[in-house]
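Shown next, in structure tokens, is the structure this report addresses.
Residue numbers begin at 1 in each chain, while the letters A, B, ... track the order of the sequences.
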4 protein chains.
Amino acid sequence: MSDVSAVAGDHLRSFIERIERLEEEKKTIADDIKDVYAEAKGNGFDTKVLRKIISIRKQDQNERQEQEAILDLYLQALGMGPDMPDE
Amino acid sequence: MSDVSAVAGDHLRSFIERIERLEEEKKTIADDIKDVYAEAKGNGFDTKVLRKIISIRKQDQNERQEQEAILDLYLQALGMGPDMPDE
Amino acid sequence: MSDVSAVAGDHLRSFIERIERLEEEKKTIADDIKDVYAEAKGNGFDTKVLRKIISIRKQDQNERQEQEAILDLYLQALGMGPDMPDE
Amino acid sequence: MSDVSAVAGDHLRSFIERIERLEEEKKTIADDIKDVYAEAKGNGFDTKVLRKIISIRKQDQNERQEQEAILDLYLQALGMGPDMPDE
DNA sequence: CACTGGAAAATGCCGC
DNA sequence: GCGGCATTTTCCAGTG
């Protein structure tokens, strides 16, 4: 293999390893989440309802963020951007 | 609210918070992964190929695990469970 | 109802009926599969092992297909797409 | 391989082939369903809505079947089974 | 910005 | 009847 290919290969390998490492961490956390759901279920909570609650709360967050974003747009349009109050 | 409800409510709240905390961590890692892909792309690697490589490597792992699983099943079927070799 | 709506409605109805018809056929086959598993079980075969074998054979197929897919990707990446060899 | 094993092996093989054959048919139909959805989409129908309609209709069917089943139970309890009116 | 492909979630099924 | 597992469906990001 030529040197440039070798270097590119190492580079590629490095990217792959970084991604696979992160994927593993992600999986660990996903498993943790499952465990918490299982624990909640063991304590008598209905998993389905629990998931619903969490999804609703997430939607609410998104909505709040969108509304803040819109507000920021308005403020910017009025020359009153949040980061530059006295420009 | 009666005391038992209050306690259950606190319990529920606790589960929700734990899950939401973990979901946040998961999202952080997912974003990290995206960043790595973007960086690789910036270094001239084809994202599609990269993803394919990683997916195949993951499949290889699964395959190996499946084969181990079926070996265990065979052993069990033969009355030779892995933990109790000479029962 | 206006004519266009009526036409659209008939069209929609037609799609729905086609899908539901196919879903029924699919269910019939799924039931057939169950029957075969049951028959195998009645003949002394361990269903779990049977399912595992079939799942591994399916994975092998997928694996082969994936490897072909990545080969195609490599060839494309090298400007050697299968359909346009000397472009 | 002993004769009994050989026979069992053939038997097993036969079950596997029957199941795999049926799985293929099932997949073919599943693909057909996808095609119909795609065609509907190409005709301006919203796939998501379409799926919702079909799922609701399926639920309705299930409910109707349950109600009929309950009715049958009542009739049986009254000695008025549907298939054997004058037993 | 619509579409495809892949990840995540929900549902249903089987065995205990 | 329930828990675990497989399948299915839904959702979302990436791509062209």
Distance check needed: [N] [atom2] versus [X] [atom1], whole Å only.
X      : N       : atom1 : atom2 : answer
I54(B) : dA13(F) : CD1   : P     : 19 Å
D35(A) : dG3(F)  : CG    : P     : 15 Å
Y37(D) : dT4(E)  : OH    : P     : 16 Å
I19(D) : dC14(E) : CD1   : C1'   : 14 Å
L73(C) : dT4(E)  : CG    : C1'   : 14 Å
D31(B) : dA7(E)  : CG    : P     : 16 Å
Q59(C) : dA6(F)  : CD    : C1'   : 12 Å
K27(B) : dA13(F) : NZ    : P     : 8 Å

Quiz item: Residues in salt bridge (charged side-chain N to carboxylate O under 4.0 Å, His left out) with E39(C), at least two apart?
Solution: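 For E39(C), the residues satisfying salt bridge (charged side-chain N to carboxylate O under 4.0 Å, His left out) (neighbours in sequence not counted) are R18(D).
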
Exercise. Go ahead and write out DNA chain E as dot-bracket, 5' to 3': ( ) for pairs within the strand, [ ] for ones crossing earlier pairs, | when the partner sits on another strand, dots for unpaired; Watson-Crick or G-U wobble, both distances under 3.5 Å.
Key: ||||||||||||||||

Quiz item: Looking only at side-chain N and O atoms, does K41(B) come under 4.0 Å of OP1 or OP2 in dG14(F)?
Solution: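 Negative; the distance criterion is not met.
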
Self-check item: dG15(E) OP1/OP2 closer than 4.0 Å to side-chain N/O of T47(C)
Solution: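 For T47(C), the contact criterion (side-chain N or O under 4.0 Å from OP1 or OP2 of dG15(E)) is met.
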
Practice problem: Go through dG3(F), dC13(E), dT15(F) for me and flag the one nearest to the K34(C) side chain. | Solution: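 So the side chain of K34(C) is nearest to dC13(E).
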
Practice problem: Tell me who clusters with V4(D), hydrophobic residues only, linked when side chains sit under 4.5 Å apart either directly or through other members. | Solution: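 Grouped by the 4.5 Å side-chain rule, V4(D) forms a cluster of one, so the answer is none.
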
Quiz item: Where is the tightest heavy-atom contact between L22(D) and I29(C), given as atom of each residue plus distance?
Solution: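 L22(D) and I29(C) have their closest heavy atoms at O-CG2, 3.4 Å.
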
Self-check item: Cationic N near anionic O, under 4.0 Å, E17(B) to R21(B)
Solution: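 Looking at R21(B) together with E17(B), the answer is no, because their closest N to O distance does not fall below 4.0 Å.
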
Exercise. Output all residues satisfying side-chain contact (heavy atoms from CB on, under 4.5 Å) with K34(B), sequence neighbours left out; order by chain, then residue number.
Key: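 side-chain contact (heavy atoms from CB on, under 4.5 Å) list for K34(B), sorted by chain: D31(B).
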
Pair up each side-chain donor or acceptor in residues 51-71 of chain C with any protein partner under 3.5 Å, not counting sequence neighbours, and list the distances.
residue	atom	partner	partner atom	Å
K52(C)	NZ	E66(B)	OE1	2.9
S55(C)	OG	E66(B)	OE2	3.0
S55(C)	OG	K52(C)	O	3.3
R57(C)	NE	E20(D)	OE2	2.6
R57(C)	NH2	E20(D)	OE1	2.9
E66(C)	OE1	K52(B)	NZ	3.1
E66(C)	OE2	S55(B)	OG	3.2

Quiz item: Does the pair L12(D) and I16(D) meet the rule for a side chain to side chain contact (heavy atoms under 4.5 Å, CB included), with working shown?
Solution: CA-CA 6 Å; L12(D) 175 61; I16(D) 290 174; 4.0 Å; yes

Quiz prompt | Side-chain donor/acceptor of T28(C) to backbone N/O of E24(C), under 3.5 Å | solution =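 Checking the backbone N and O of E24(C) against the side chain of T28(C), a donor-acceptor pair under 3.5 Å is found.
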
Quiz item: Does the side chain of K41(A) reach to within under 4.5 Å of the side chain of Y37(A), using non-hydrogen atoms?
Solution: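 They are not in side-chain contact.
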
Do any N or O atoms of the protein come closer than 3.5 Å to N or O atoms of nucleotides 7-11 of chain F, and which pairs are they?
residue	atom	partner	partner atom	Å
dT8(F)	OP1	K26(D)	NZ	2.7

